Every structure is written in C-alpha cells, then in structure tokens.
Protein chains: 2
Amino acid sequence: MPDRGAGQKPTSGEGLLFLTDDQLRRGIEAMFFAYRGFTADPDRILQQYSYGRAHHRAIHFIKRSPGNTVNNLLDILGVTKQSLNRVLRALIEDGLVESRVGKQDRRERHLYLTESGQELEKELSEAQRGRMRAAYRDAGPEAVAGFRQVLEQIMDPEMRSHFKTFKENS
Amino acid sequence: MPDRGAGQKPTSGEGLLFLTDDQLRRGIEAMFFAYRGFTADPDRILQQYSYGRAHHRAIHFIKRSPGNTVNNLLDILGVTKQSLNRVLRALIEDGLVESRVGKQDRRERHLYLTESGQELEKELSEAQRGRMRAAYRDAGPEAVAGFRQVLEQIMDPEMRSHFKTFKENS
DNA sequence: AGTTTATGTCAGCCTTGTTGACTTTCCAAG
DNA sequence: CTTGGAAAGTCAACAAGGCTGACATAAACT
C-alpha cells in the first residue's frame, strides 16, 4: 500500500506527524468503529420497543429542548419532514410524545415528552451515557477536552452553531 | 430539565466535573453532529456514482488491507454476507473491485481494488481526509491524541482489537 | 464418504431516507 | 377582509441498506 503522496511534506522538521495521511486514516477508522459502539447499546434497547435510531434521535432532542417546534427539530436532525413525521406520528400514537398547538402561532406544534416518553428517554440515555462515562473515565479529562475539540471541528459549521446554542441553553 | 440524578456524586471535591451527565450529553451530541460532517463529503461524491456509504466502507477496507477475504471483511464491517454481497457484486460488476480465488484455500475469495477502484477510493478518502486534516490542524496534536484515545474507549472490545491490528499492519 | 466452511444467491421484510403533489390551518400584509 | 405564503400534515412511490431464512456449490477437513 504505497500512496504516501498527499498531505505529507515534512514541512519543517517538527511535529506535524499527526497530520500524515496515515494518522488521518486512523482517525477515520476510529470514528467508524467508535460510532458503531456509540449506537450499539441504545439500538439494543430500541429493538425491544420496535423503534429505530430515528426514534431515539427525536426523543433525545425533544428531551433536550422541550417545546421545540417541528421545524426546529427538522433543522437539527437534518432530515425531511416526511421522514420525521413518520417517526413522530408513531411516538405520538404510542403516547411517548405530546404535540401541543402553539399559543402565539397556532400553526406551530410544540413537542414534549410524556411520562412514558421520559421513561424511555432515560433508559436510552443512561445506556448511552454508561459507555461514554466509562470511556471518559479511562481516557481522562484532557483527552476528553481534545475529543470534544476535534469533534466540534469535524462538524459542518451550521451544526456547530446548533451545538453551541445547545451548550448555552443548558 | 431536572434529572441530575445518575452519575453525579461529587465523589471528592476534585475535578470529576467532566463526568457529569451534562458533559456526557454534550459528548453524545458532539458525536452525532460530527459523524454527520464526517460522512458528508464522501456522501456527496458517492451520489454522483450512485453508490452509498456501504460501498464506501467496502472500498475503504479493501484498500486498507488488499487481499482480504470476504469473511474477514464481513467481520470488520459487522453486516451480514447478504448485505455485503449486494454491495460487492455491484463493485465487481462495475470493475472497481477484483475477487481472486485463494491459492491455498480455493474456497476463499481475496479482494483487491482495480485501477478505477483505486481512483474512486482516492477521491473519497481525499475528501474525507481534507475535513479531518483541517480539524486536526485546528485542534492541535494533544487534542488529536485525546480524540483518538476516547474513540478507542467507546468502541466495542472486538472492534478495538480490529482497530489495533490495523495499526500494527501499517 | 460425510461434515464443515466459505461463498454466493434468491426472496422477502423492515427502517429510514428521498421526491413530489396536495390539503388544511392560520398569521400577517395589502 | 381578503389573500399570499408559511407551517404542518398526509399520501404515494421509491431507493439504500440493514435483516432473516433457505438453498447451492465448491473445497477442505476428518
């Protein structure tokens, strides 16, 4: 496997070795394998309720900012309204999510988790946090800071702003 | 949004603040948003060839260790053979991947990228590396080390061993 | 000779994404 | 007060890419 061409250049004798194509490739594979682990535990739980990852994402972000409109959620999740609607309809029918007509603008629907919605959310997020907590603990606070820093750079700028908005909200 | 119950405990007055549920939630959302960015550029390219992410993954890992058997690839990708086969068949028909009968064990098929396979791989990986390189550069080497460390902890152990095996191979 | 292994393939199902077309509701500007 | 357009919901159709189950073949192993 040759192909050492691209971003190599020993620009100056110093420590830019972390920018070699090989290092980047490792980062890419790490993202791939880690994301699988990241979703594995919630996926197992969701299966028992015959829900999918899409339901988890909706539940997460409704819990995250209750009262959000559908349009807002659409923006965050980056899917079409038809796609979200299918998921949302199931969650509403099953009594996990409540959709309230807006007071100022009555076209808008504001989304909230019901009691049982909160329960499922807790089950899912506790499973996911469990793994994250173990990873964080093993890696230590400096590693975690780096982790978050790199992830933030990988995001699309719009998503970065979503992410940052969330931060402030908390 | 209360729910501060779970992993909190100010165990000792010191700096375990990075293990709070809130910090974990931020890490979780960072993973979600970052993964979207991570796949965005290759996805755009793949669309032009009417391929999907599954094709990208296959191409990546064939490039990564040429001559690998189908079974091996199955293990790494964590999908069923039927699922992989569909993707592999397309890539072989389109002349991007070559499948050679094993010499010792003639039941095995060993997979290689053809010339055009290499070309697409290069286009895809350069796009993906571009974003990663920018992220790495902005975050700096210490952050990158932490990033990789945390990701490795998030993986399932089997995947971690896959990942480490790859490291040594390079 | 019989069993196991590696691979491929057919058929069918599910989730979750997409587009496009259309309706209903309802705010707000003319 | 009417009308334009935004927000939301719905229907239909489709595609990618997961899955299971059943079965076929060739080769290797015992």
Side-chain angles (χ1 to χ4, degrees), chain A residues 32 35-36 39-40 42-62 67-94 97-112, chain B residues 32 35-36 39-40 42-62 67-94 97-112:
Chain A
F32 170 66
Y35 199 78
R36 283 247 297 279
T39 55
D43 280 356
R44 263 188 293 275
I45 294 167
L46 289 159
Q47 231 181 333
Q48 298 165 5
Y49 295 84
S50 23
Y51 288 140
R53 234 175 255 181
H55 301 83
H56 183 192
R57 291 199 281 261
I59 288 171
H60 174 98
F61 285 108
I62 293 171
N68 241 238
T69 62
V70 172
N71 243 358
N72 223 292
L73 195 53
L74 241 31
D75 231 47
I76 291 165
L77 295 176
V79 297
T80 58
K81 64 172 177 173
Q82 293 92 330
S83 213
L84 177 58
N85 202 260
R86 183 166 35 199
V87 162
L88 233 34
R89 204 188 317 164
L91 292 174
I92 291 169
E93 276 174 10
D94 296 352
V97 168
E98 197 190 342
S99 163
R100 296 186 204 150
V101 174
K103 283 186 177 171
Q104 283 98 352
D105 187 335
R106 294 174 53 205
R107 289 167 302 179
E108 293 177 346
R109 299 300 136 94
H110 299 266
L111 302 168
Y112 300 87
Chain B
F32 170 66
Y35 199 77
R36 282 249 296 279
T39 55
D43 280 356
R44 264 188 291 275
I45 294 167
L46 288 158
Q47 232 181 331
Q48 297 166 3
Y49 295 84
S50 19
Y51 287 140
R53 234 175 254 181
H55 301 83
H56 183 192
R57 290 198 280 262
I59 288 171
H60 174 98
F61 285 108
I62 293 171
N68 240 239
T69 63
V70 172
N71 243 357
N72 223 291
L73 194 53
L74 242 31
D75 231 49
I76 292 165
L77 295 176
V79 297
T80 59
K81 63 172 178 171
Q82 294 92 327
S83 216
L84 177 57
N85 201 259
R86 184 165 35 196
V87 162
L88 232 35
R89 204 189 316 167
L91 292 174
I92 291 168
E93 275 173 11
D94 296 352
V97 167
E98 197 191 341
S99 164
R100 297 185 204 152
V101 173
K103 284 186 177 173
Q104 284 100 351
D105 188 334
R106 294 175 53 204
R107 288 171 305 180
E108 295 178 343
R109 298 300 136 91
H110 299 267
L111 302 169
Y112 300 87

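Quick caveat: nothing in here was measured; it's all calculated off a predicted structure. When reading the values below, keep in mind they use all heavy atoms of this one structure, side chains included, and skip hydrogens, waters and symmetry mates.
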Checklist entry - Does a side-chain N or O from A/Asn85 land closer than 4.0 Å to OP1 or OP2 of D/dT10, or not? => result yes
Checklist entry - Between A/Tyr112 and A/Arg100, is there a cation-pi geometry (under 6.0 Å to ring centre, at most 45° from the normal)? => result yes
Checklist entry - For the pair made of CG in B/Leu77 and P in C/dT7, what is the distance, rounded to whole Å? => result 13 Å
Item to check | Protein-nucleotide distance (A/Leu91, atom CG; D/dG9, atom P), rounded to Å | outcome: 13 Å
Checklist entry - OP1 or OP2 of D/dG18 sitting under 4.0 Å from any side-chain N/O of B/Thr80? => result no
Checklist entry - In terms of the nearest nucleotide of DNA chain D, which residue is placed more toward the 5' end: B/Arg109 or B/Gly52? => result B/Gly52
Checklist entry - Any side-chain heavy atom of A/Arg53 within less than 4.5 Å of one from A/Asp43? => result yes
Item to check | Gap between atoms CG and P, on A/Leu84 and C/dT16 respectively (whole Å) | outcome: 12 Å
Item to check | Residues B/Thr69 and B/Arg109: side-chain donor-acceptor under 3.5 angstrom | outcome: no
Checklist entry - So A/Tyr51 and A/Tyr49, would you call those rings parallel, tilted or perpendicular, with 30° and 60° as cut-offs? => result parallel
Checklist entry - Between B/Glu108 (CD) and C/dT4 (P), how many Å, whole number? => result 19 Å
Checklist entry - B/Arg107 side chain: which of D/dA28, C/dG17, D/dG18 is closest? => result D/dA28
Checklist entry - Would you say a side-chain N or O of A/Arg89 is under 4.0 Å from OP1 or OP2 of D/dT10? => result yes
Next on the checklist: Classify B/Gln47 by what it touches in the nucleic acid, base, sugar-phosphate, or nothing, heavy-atom distance under 4.0 Å.
Outcome noted: nothing
Checklist entry - B/Lys81 side chain: which of D/dG17, C/dT9, D/dT10 is closest? => result C/dT9
Next on the checklist: Expressed as a whole number of angstroms, how long is the span from A/Arg86:CZ to C/dT15:P?
Outcome noted: 10 Å
Checklist entry - Base, sugar-phosphate, or nothing: which does B/His55 touch, judged by heavy atoms less than 4.0 Å apart? => result sugar-phosphate
Checklist entry - For D/dA27, does either OP1 or OP2 sit under 4.0 Å from a side-chain N or O belonging to B/Arg106? => result yes
Next on the checklist: Measuring from the side chain of A/Arg53 (C-beta onward, heavy atoms only), which nucleotide among C/dT16, C/dT18, D/dG17 has the closest atom?
Outcome noted: C/dT16
Checklist entry - Within this structure, what is the CD-to-P distance between B/Gln82 and D/dA22, rounded to whole angstrom? => result 12 Å
Item to check | Residue whose closest nucleotide on DNA chain C lies nearer the 5' end, A/Tyr51 versus A/Val101 | outcome: A/Tyr51
Checklist outcome for this item: When rounded to the nearest 0.5 Å, the distance separating CG of B/Leu88 from CD1 of B/Ile62 is 5.5 Å
Checklist entry - Taking CG from B/Asp105 and P from C/dT5, how many angstroms apart are they, rounded to a whole number? => result 12 Å
Next on the checklist: Tell me the interatomic distance from B/His56, atom NE2, to D/dG17, atom C1', rounded to whole angstroms.
Outcome noted: 16 Å
Checklist outcome for this item: Closest to the side chain of A/Ser99, out of C/dT7, C/dG17, D/dG9, is D/dG9
